[in-house]
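For ligands, and for the atoms within them, numbers begin at 1 and follow the listed sequence. In what follows, every heavy atom counts, from backbone to side chain, and hydrogens, waters and symmetry copies are set aside. Quick note: residue numbers are just sequence positions, from 1.
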Amino acid sequence: MLPKKLTKRLDERNAKNALRTLKTQNDLVDFASNDYLGFAMSSSIFDQAHQILTQNTLHHNGATGSRLLTGNHKLYIETESFLARYHNAESALIFNSGYDANIGFFSSVPQRGDMIFFDELIHASIRDGIQMSHAKSYKFKHNDLEDLSKKFEQLTSKNEEHQHSGDVYVVTESVFSMDGDSPDLKEFVNLSKTYGFFLIVDEAHATGVFGANGVGLLQQLEVEQEVFARIITFGKAMGCHGAAVLGSKILQRYLVNFARSFIYTTGLPVHAIATIQAAYGELQRTDETKKLMENIRYFRQKLKDYQIASLCIDSNSAIQCCIISGNEKVKKIAQGLQKKGFDVKPIMSPTVPLGKERLRFCLHSYNSKEEIDEVLKLLATFV
Ligand SMILES: Cc1ncc(COP(=O)(O)O)c(C=O)c1O
């Protein structure tokens, strides 16, 4: 039994061909997972994590409590110091997931009277965090710095009454999860300096992918010191679980005191922390990132060869999207590719705006050139 209103919502979603259902994993060629480097399946990381646990004589199954009570094992502290050094930050604070990090950060940092400007395509976890905050929020057009400055100017200099005295937070992603594209981060940094914005960048899909040893896009551009906070996540290229906020020591102290998704939850178990350590070890040892980059280059070249590049969003990242408008149509083409053995997911509205439905290809270091060639050849015949 479900209240009538809820049944109606489900029926409406079904009528729009947008009903979400859970499916079990399949053994198709992987063009869908976030496991960009194959780390989630790596037995070397698995063994390494086990070794870290045995070396530390750790046989814990769970963390036993919030990190503020009984859950803060020394492996956490060690890993956070490592992450801070690796990512050239003053401090790192581990959260249970990227979702938790974003809702914890955005619900606690911006205060009443402050403003938050966010890219219109920002991830749901950031939107949810913003909704929980008492600050006013405004969206700007995707990757559009001009729109951001125009909106900021309009809101702050309209008249005396609207003169703004609060802090201004600006948030974007270094790789957009549903488009795969990136903003001009250097320009975001410059603008933030000009106006005194606090800039926050979610690096979920850049961690392990961009920069030397997968340090992320901000570090690749050498502007990591110029942002107020970075969110990195371990569930994508790192193949494990969890996330961290990188920033100043005082920001870390603030979050420990006020971020409710950090305080009121059981910490990650130590084996999750050991796996993060092991995954970073692997990142420095292997050349999976290079293989991924080569596959991205090859995929983009093949899009041109098959004359379907114009359908796709320009992206240098592991996320490559071909716009196919309409839930029904995109679903049908995805099913066609799946029948031929390729796991390519349709991304439908309302996850993306109406008319911007798409096929989302996630590329991996372990995809072969033949697989890329074959799937794009098929796509070209379908469209
Ligand atoms: C940009 C972005 N931020 C945050 C998250 C959430 O990360 P997690 O899966 O660790 O909760 C995701 C992934 O869903 C994401 O794409």
Student: Rounded to the nearest 0.5 Å, how far apart are CZ of F105 and CE of M132?
Tutor: 14.0 Å
Student: Give the residue, atom name and distance (to 0.1 Å) of the protein heavy atom nearest atom 8 (P) of ligand 1.
Tutor: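 Among all protein heavy atoms, the one nearest atom 8 (P) of ligand 1 is G98 N, 3.3 Å.
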Student: If you count the atoms of ligand 1 from 1 in the order shown, which ones are under 4.0 Å from a heavy atom of N102?
Tutor: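 The list of qualifying atoms is 3 (N), 4 (C).
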Student: Is the shortest distance from a heavy atom of S125 to ligand 1 less than 4.0 Å?
Tutor: yes
Student: Any idea how Y195 and F197 line up, ring-wise: parallel (<30°), tilted (30 to 60°), or perpendicular (>60°)?
Tutor: parallel
Student: Should the ring pair F95 and F262 be called parallel, tilted or perpendicular, given that the plane angle runs from 0 to 90° and is split at 30 and 60?
Tutor: perpendicular
Student: Quick one: look up the protein heavy atom nearest atom 5 (C) of ligand 1 and list residue, atom name and how far away it is.
Tutor: H123 CE1, 3.5 Å
Student: Tell me whether E328 is salt-bridged to K331, with the criterion being a basic N under 4.0 Å from an acidic carboxylate O.
Tutor: no
Student: For S97, which part has a heavy atom under 4.0 Å from ligand 1: side chain, backbone, both, or neither?
Tutor: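 Contact part for S97 vs ligand 1: both backbone and side chain.
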Student: Could you tell me, atom by atom, which parts of ligand 1 come under 4.0 Å of a heavy atom of A204?
Tutor: 1 (C), 2 (C), 3 (N), 15 (C)
Student: As a check for students: among I231, V175, D100, D202, identify the option with a heavy atom nearest to atom 4 (C) of ligand 1.
Tutor: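 Looking at heavy atoms only, D202 sits closest to atom 4 (C) of ligand 1.
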Student: Counting from 1, what ligand 1 atoms have a heavy atom of S177 closer than 4.0 Å?
Tutor: 16 (O)
Student: For the CD atom on E146, are there more than 12 heavy atoms of other groups (residues, nucleotides or ligands in this structure) within a distance under 6.0 Å?
Tutor: no
Student: Count the heavy atoms belonging to other residues, nucleotides or ligands that lie under 6.0 Å from CZ of R260, then report whether that count exceeds 12.
Tutor: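 Not more than 12 within 6.0 Å, no.
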Student: With nothing but distance in play, are any N or O atoms of Y99 less than 3.5 Å from an N or O of ligand 1?
Tutor: yes
Student: Among the heavy atoms of K236, does any lie under 4.0 Å from an atom of ligand 1?
Tutor: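 Per 4.0 Å heavy-atom rule, K236 contacts ligand 1.
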Student: For ligand 1, does H205 get within less than 4.0 Å through its side chain, its backbone, both, or neither, judged by non-hydrogen atoms?
Tutor: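 It is the side chain that gets close, since no backbone atom is under 4.0 Å.
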Student: Taking the six-membered ring for Trp, are F188 and F140 parallel (under 30°), tilted (30 to 60°) or perpendicular (over 60°)?
Tutor: tilted
Student: Working to the nearest 0.5 angstrom, can you tell me the gap between L19 CG and M348 CE?
Tutor: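 So the CG of L19 and the CE of M348 are separated by 8.5 Å.
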Student: Out of all atoms in ligand 1, which are within 4.0 Å of some heavy atom of E173? Include the element for each.
Tutor: 1 (C)
